[in-house]
Amino acid sequence: MKRIVIALSVMALLTSCVSKKKYTELEARNKETQDLLNTATVKLNTCLEEKAGLAATAATLKEQNQGLISVSKDMTVLSTKGAQNIEKALESIKEKDLKISRMQDALTKKDSVTLALVTSLKSSVGISDPDIEINVEKGVVFISIADKLLFKSGSYEVTDRAKMVLAKVAKVVNDKPDFECMVEGHTDNVPYNGTGVLLDNWDLSVKRSTSIIRVLTNQLGVKPEQLIAAGRSSYIPLVANDSAENRSRNRRTRIVVLPKIDQFYEMIEKEMKKQRP
């Protein structure tokens, strides 16, 4: 603006001193200068606006950059925690896999143990009669003997043939003094109609149990403290009492062998060693 004032003053002084032609040239040149000045002013204002816009953009970008840095730090923390969680999860999976593997091994060994124990008992008893069954359920050994080998129908008097079978059972019990044996009498569902002290199948089942115990203790040397007498009457049948054959199966005496755990595994180990090549 100062230059414009000076220029106008000069022109005023020169108007009176210069020719009209010269004045016209100066005036044209002044207009050109004014146009250039106006253009420069517009460009300057535009540049100032752009500068302000760029400054605002720079401030926004700076703020965003700080936010990204913060997020990056958070992500690093989360990534570290995530890696730790993944590691813990993998360790947990490994532990579960190990437990599953051990359970599978235990089941496999259990099957082998069951087979070895039954084989050992059958070998000790030396019985191959189909009316005598030896099996294991939940770590308990059962020797089931059909009553036709032990008693006459409706009787609790032990037969001579039964004494031969019981002598082999007594051998197992006497070889394992820490074992306990529960002798269970079982009948069919035909009501007991005999005479004497017996009233029903409960009495008959218990009396048959005590009769076998007396043979085992009095004649075969089994310690009385190892034996338990029990009667189950007709309430635990193997099969339905709907035929003579099935009723015959249900009339039985079951000897439940309850070894101490160390005796149990000692016997198993011996039998397993025998089966190794």
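Positions are given from 1 along the sequence.
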- Item | Over 12 foreign heavy atoms within 6.0 Å of CD, Glu245 | no
- Query: Is the CD atom of Gln66 crowded by more than 12 outside heavy atoms at less than 6.0 Å?
  - Reply: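 Yes, the 6.0 Å shell around CD holds more than 12 heavy atoms from other groups.
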- Task: Answer with yes or no whether the hydrophobic clustering places Val183 together with Trp202; edges join I, L, V, M, F, W, Y residues whose side-chain heavy atoms lie under 4.5 Å apart.
- Result: no
- Message: If hydrophobic clusters are built by linking Ile, Leu, Val, Met, Phe, Trp and Tyr wherever their side-chain heavy atoms come under 4.5 Å apart, do Val206 and Ile145 end up in the same one?
- Response: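 Hydrophobic grouping puts Val206 apart from Ile145.
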Please name the pair of heavy atoms, one in [X] and one in [Y], separated by the smallest distance, quoted to 0.1 Å.
X: Val222; Y: Ala170; result: CG2-CB, 3.7 Å
X: Ile212; Y: Leu150; result: CD1-CD1, 3.7 Å
X: Ile228; Y: Glu180; result: CD1-OE1, 4.4 Å
X: Ser209; Y: Gly185; result: CB-N, 4.2 Å
X: Ser205; Y: Ser233; result: OG-N, 3.1 Å
X: Leu216; Y: Leu166; result: CD2-O, 3.7 Å

- Item | Pair Lys207-Thr210, side chain to side chain contact (heavy atoms under 4.5 Å, CB included): steps then yes or no | CA-CA 5 Å; Lys207 190 64 176 174; Thr210 55; 3.9 Å; yes
Distance from [X] atom [atom1] to [Y] atom [atom2], nearest 0.5 Å?
X: Lys62; Y: Thr57; atom1: NZ; atom2: OG1; result: 14.5 Å
X: Met164; Y: Leu149; atom1: CE; atom2: CG; result: 11.0 Å
X: Glu157; Y: Phe151; atom1: CD; atom2: CZ; result: 10.0 Å

- With sequence neighbours excluded, residues passing salt bridge (charged side-chain N to carboxylate O under 4.0 Å, His left out) with Lys148: Asp131
- Message: Applying salt bridge (charged side-chain N to carboxylate O under 4.0 Å, His left out) as the test, list every pair that has at least one member in residues 188-202; sequence neighbours left out.
- Response: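 Sorted pair list: Asp188-Arg251.
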- Item | Where at least one partner belongs to residues 47-58, residue pairs that pass salt bridge (charged side-chain N to carboxylate O under 4.0 Å, His left out), sequence neighbours excluded | none
- Quick one: list whatever passes side-chain hydrogen bond (donor to acceptor under 3.5 Å, both in side chains) with Asn246, sequence neighbours left out. Asp242
- Arg247: what forms a side-chain hydrogen bond (donor to acceptor under 3.5 Å, both in side chains) with it, not counting sequence neighbours?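 Arg247: no side-chain hydrogen bond (donor to acceptor under 3.5 Å, both in side chains) contacts found.
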Any side-chain to backbone donor/acceptor pair from [X] onto [Y]? Under 3.5 Å, distance only.
X: Thr217; Y: Pro224; result: no
X: Asn250; Y: Val239; result: yes
X: Asp147; Y: Arg249; result: no

Could you tell me whether the side chain of [Y] reaches within less than 4.5 Å of the side chain of [X], counting heavy atoms only?
X: Glu133; Y: Ile143; value: no
X: Arg252; Y: Ser144; value: yes
X: Asn218; Y: Arg214; value: yes
X: Glu184; Y: Thr253; value: no
X: Ser211; Y: Val215; value: no

- Message: Other members of the hydrophobic cluster containing Tyr156, with the 4.5 Å side-chain heavy-atom rule, please.
- Response: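 Hydrophobic cluster check, Tyr156: joined to Tyr192, Val197, Leu198, Leu204.
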